[in-house]
Amino acid sequence: QVQLVESGGGLVQPGGSLRLSCAASGSIFRINVMGWYRQAPGKQRELVATVSIGGNTNYADSVKGRFTAARHNAENTVTLQMDILKPEETAIYYCSANVMASWHGEVQTYWGQGTQVTVSS
């Protein structure tokens, strides 16, 4: 009942920047946490950043100071501003959301289909 759609991926040179966006739609009463994860070839999916409904953020150590996640609650979106990108950050980036469909509903986790980020010269 909830769909997440990522956008903004692409090819960027090392040291460059990209801004990813994720829009959630469907049966949404509240999204407690939205986040970004990434999975590089041959590696496990790892957390990049999360944002709570109050705007509190949590980042992987490897991206602190370079990435910024932000929520826009009225639009059910989350963005990820990525600066000074490194080649090793080439990965598929996934959006996630912990969603309450109603006030008394349980929280369910949803995932987007992912967007490719390639950092290369």
Side-chain angles (χ1 to χ4, degrees):
Q1 295 184 354
V2 174
Q3 299 80 42
L4 302 176
V5 179
E6 302 100 332
S7 63
L11 175 64
V12 64
Q13 293 183 345
S17 299
L18 283 175
R19 183 188 295 271
L20 306 182
S21 182
C22 172
S25 61
S27 299
I28 299 171
F29 171 72
R30 191 169 93 170
I31 303 178
N32 293 334
V33 178
M34 299 189 78
W36 291 95
Y37 295 74
R38 66 189 178 192
Q39 187 166 24
K43 294 187 176 181
Q44 297 183 62
R45 185 176 298 186
E46 64 175 348
L47 182 145
V48 178
T50 61
V51 192
S52 72
I53 193 169
N56 294 322
T57 55
N58 184 49
Y59 298 95
D61 288 342
S62 62
V63 308
K64 287 180 179 177
R66 297 185 298 112
F67 288 15
T68 303
R71 283 182 65 168
H72 308 272
N73 295 329
E75 295 77 32
N76 289 324
T77 62
V78 62
T79 59
L80 183 68
Q81 176 67 39
M82 304 184 294
D83 297 321
I84 320 177
L85 281 159
K86 304 174 181 179
E88 59 265 35
E89 292 173 319
T90 293
I92 300 175
Y93 284 69
Y94 296 91
C95 176
S96 70
N98 294 336
V99 179
M100 295 178 63
S102 67
W103 181 249
H104 297 101
E106 67 182 61
V107 177
Q108 294 185 270
T109 300
Y110 295 88
W111 293 87
Q113 76 289 336
T115 184
Q116 178 70 47
V117 172
T118 302
V119 186
S120 176
S121 297

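On a predicted model such as this, the values are computed, not experimentally measured, just so you know.
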So which heavy atom on [X] is nearest to which on [Y], and how close?
X	Y	answer
Ile92	Gln116	CG1-OE1, 3.3 Å
Arg19	Thr79	NH1-OG1, 4.2 Å
Phe67	Val48	CD2-CG1, 3.6 Å
Ile53	Ile31	CB-O, 3.8 Å
Val119	Thr90	N-OG1, 2.9 Å
Ser17	Asp83	OG-OD1, 2.8 Å

Practice problem: Could you note down all residue pairs passing disulfide bond (SG atoms under 2.5 Å apart) where residues 81-115 supplies at least one of them, sequence neighbours left out? | Solution: Cys22-Cys95
Is the closest side-chain heavy-atom distance between [X] and [Y] below 4.5 Å?
X	Y	answer
Thr57	Tyr59	yes
Val99	Val107	no
Pro14	Ser120	no
Tyr37	Trp111	yes
Thr77	Arg71	no

Quiz item: Which residue, Thr50, Asn32, Thr109, forms the side-chain hydrogen bond (donor to acceptor under 3.5 Å, both in side chains) with Asn98?
Solution: Thr109
Quiz item: At what distance, to the nearest 0.5 angstrom, does NZ of Lys86 lie from OG of Ser62?
Solution: 7.5 Å
Exercise. With rounding to the nearest 0.5 Å, note down the distance linking CD in Gln108 to OG in Ser27.
Key: 10.0 Å
Exercise. Test Leu80 against every option in Val117, Leu20, Leu18 by the side-chain contact (heavy atoms from CB on, under 4.5 Å) rule and name the one that passes.
Key: Leu20
Exercise. Is it possible for you to check whether Arg30 lies under 6.0 Å from the centre of the six-membered ring of Trp103, through NZ or CZ, and within 45° of that ring's axis?
Key: no
Quiz item: Do Gln39 and Glu46 get their side chains close enough for a donor-acceptor pair, meaning under 3.5 Å?
Solution: no
Quiz item: Do the side-chain N and O atoms of Tyr93 and Arg38 include a donor-acceptor pair separated by under 3.5 angstrom?
Solution: yes
Quiz item: Are Arg66 and Glu89 ion-paired here, with the side-chain N under 4.0 Å from a carboxylate O?
Solution: yes
Quiz prompt | ILVMFWY cluster, Val33 and Ile28 together (side-chain gap under 4.5 Å) | solution = no
Exercise. Is it possible for you to say whether Val2 and Met100 belong to one hydrophobic cluster, with membership spreading through side-chain heavy-atom contacts below 4.5 Å?
Key: no
Quiz item: Do the side chain of Thr115 and the main chain of Gly9 share a donor and acceptor less than 3.5 angstrom apart?
Solution: yes
Self-check item: From CA spacing to verdict: side-chain contact (heavy atoms from CB on, under 4.5 Å), Gln113, Tyr94
Solution: CA-CA 7 Å; Gln113 76 289 336; Tyr94 296 91; over 6 Å; no
